[in-house]
Amino acid sequence: MTDLRVLTKALHDLGLCDRDLFEAASDAIPARRHSPQPGYDPETFASITAAATRDVEAITRRIADGEELLRRFRDRSQGLSEHERIVGRMLEEMADTGRPPRLRTAHMRAVVPMIDLARMLFLTVRDLEPLLVLLAIRTGRNVETLKELTGEHRIRESSVLETQTIKRRRGYESETVLWDIGSAKRQLKTAGGMYLLLHRLGRRSRDLARSDKLLCIFLQRNGGSHRFVWENRLNNVAGPDLGAWARSHNLTEGGAALRLTFNRIKTTVDRERAQANNFQLDRAAVTNTPEVLYRSYIAPDPTARRALESITNGALLDLDARLTAERSPEKTAPISQRPEAPDVPDAITTAFMRCRDVLGNPEQPGVECNADMLACFGCPCAVVGDEHIPTILRLSAELIEHFERLPLEQWIARFGQAWLAIHNDILPSRTTEEIAHFATLMPTHTALKILEKPEMF
């Protein structure tokens, strides 16, 4: 089916078919199923962060030691051993040419293998996994954005780094970002600190490759070369291999081998930032629709779901307090405790329950009520019988579907009162066995669809 879409697109571009054919071919292709993954639990995420930090610290020490040996050799420092002088001479040549010298004898090759010599001054493919993992943890950005980070930046007021990010998923989007640098001791704990570290570690390869990209490395090909590893395509198989890196550190999740992905790292970072900010607006909330937020960040993540349930319940309770603050005890009596008055001539059955007095309009006493059917859940005239429970159960499920699509404030304003009445009053008044029985009698839908889209009927 994808071939059909490609073919009709090509024909359309050549002017050999109209757009209706291309769109028809596209519509015929089923949408790819989206299976979002949850973030990592705090313990697992801490182990990932610790492993990446240890590796980055080792990379930093390795290159710092190589640079120090090269400096001492060039300064003709006293106290260099014979081994250090040999390695220093090779480092000097490599710093000038960008390539490790060819070691013509077994003795020379035994002193230091070529790739190990290169790793004394340059980043290599083996360094990509921990560097990108820790950079993703500190910035909270997706890996495609991190791969394309530029080496061009400026430092503002000695504490904030400013650079540009590129996002290509919806075309080409450039954004100016400001990242905290922090102190030297916190270099690996801030986004700006990590960026500056990578800028320093990749300086030689970036200059030799004549690239403006941040992540330039040494590649052991044809005697050695330097390049931006993703210059041809962002999904270059040259790296990184997160699975192999996780296995090398024996990282596990729930007793099984850890499935490490950048998407799950980003989801975890977004969740932790939201928690730290008391679940106020975070970058994920700004750059995604409510549907994507719920589907990708909340639904698959037990921690996020529990947090959202707590927030939502608190908001609904606040709403309930505001709605009932000025009402009399008679009006605020729970629906489930109100006796039905079948002898009242004006009693009628509404969409979701029974009204004891259709003329008892709360807004205009004596005038026949024409309020929204959802308003019955806050009306003193409403009563509920067993025959209404199956429909109310279905309504509850439909309210959840609306919750996944609507902004929280809009959902609360529209459905909050009904949700409170259902889950804090009506359903708790029934036993578990009764609820299970009524669930088997639920209709396929309720009148909510008519309320929300009356133009369809």
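Keep in mind that this is a model prediction, so the values were computed, not measured. Any value given below was found using the heavy atoms of this structure, including those in side chains, with hydrogens, waters and symmetry copies removed.
- Looking at Thr124 and Arg119, their side chains do bring a donor and an acceptor atom within 3.5 Å of each other.
- Among all heavy-atom pairs drawn from Ile422 and Pro428, the shortest one is O-CD, 3.7 Å.
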Does Phe45 form a side chain to side chain contact (heavy atoms under 4.5 Å, CB included) with Ile137? I'd like the steps, not just the answer.
CA-CA 9 Å; Phe45 191 58; Ile137 290 172; 3.9 Å; yes
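- Under 4.0 Å is where a charged nitrogen must lie from a carboxylate oxygen, and between Arg62 and Asp127 at least one such pair does.
- Remark: Trp230 CH2 to Glu144 CD distance equals 10.5 Å, nearest 0.5 Å.
- Residues His226 and Ser205 have side chains that bring a donor and an acceptor to within less than 3.5 angstrom of each other.
- Between the side chain of His423 and the backbone N or O of Leu420, no donor-acceptor pair lies under 3.5 Å.
- Trp419 and Asn424 are not linked by any side-chain donor-acceptor pair at a separation below 3.5 angstrom, with hydrogens and angles left out of the test.
- Between Leu188 and Thr53, the shortest heavy-atom distance links the atoms CD1-CG2, 3.9 Å.
- Ionic pairing of Asp386 and Arg430 is present here: one or more N-O contacts between side-chain nitrogen and carboxylate oxygen are shorter than 4.0 angstrom.
- Judged by distance alone, the side chain of His249 and the main-chain N or O of Arg247 form no donor-acceptor pair under 3.5 Å.
- Defined by atom type and a distance below 3.5 Å, a donor-acceptor pair is present between the side-chain atoms of Thr176 and Gln164.
- Smallest separation of non-hydrogen atoms from Leu146 and Leu215: O-CD1, 4.0 Å.
- Judged by distance alone, the side chain of Glu129 and the main-chain N or O of Asp241 form a donor-acceptor pair under 3.5 Å.
- Side chain of His199 to main chain of Gly151: a donor-acceptor pair is present (N/O by atom type, distance under 3.5 Å, no hydrogens or angles).
- Side-chain contact between Val160 and Ile181 is absent, with no heavy-atom pair separated by less than 4.5 Å.
- A pairwise comparison of heavy atoms in Leu427 and Ile389 identifies CD2-CG2, 4.4 Å as the closest pair.
- A salt bridge does not link Glu148 with Arg141: none of the charged nitrogens is closer than 4.0 Å to a carboxylate oxygen.
- Closest of all the heavy-atom pairs between Tyr40 and Ile265 is CE1-N, 3.9 Å.
- Judged by distance alone, with hydrogens and angles left aside, the side-chain atoms of Thr163 form a donor-acceptor pair with the main-chain N or O of Glu152 at under 3.5 Å.
- Note that CZ of Arg206 and CZ of Arg200 are 11.5 Å apart. Values are rounded to the nearest 0.5 Å.
- Here the OG1-CD1 distance, from Thr150 to Ile166, works out to 7.5 Å after rounding to the nearest 0.5 Å.
- Using modelled atom types, one side-chain atom of Thr431 and one backbone atom of Glu434 make a donor-acceptor pair closer than 3.5 Å.
- Annotation: the span from Glu157 atom CD to Glu162 atom CD amounts to 11.0 Å, rounded to 0.5 Å.
- With rounding to the nearest 0.5 angstrom, the CZ atom of Phe415 is 12.0 Å from the OG atom of Ser396.
- When all heavy atoms of Phe377 and Ile426 are compared, the closest pair comes out as CE2-CD1, 4.0 Å.
- Defined by atom type and a distance below 3.5 Å, a donor-acceptor pair is missing between the side-chain atoms of Thr267 and Asp270.
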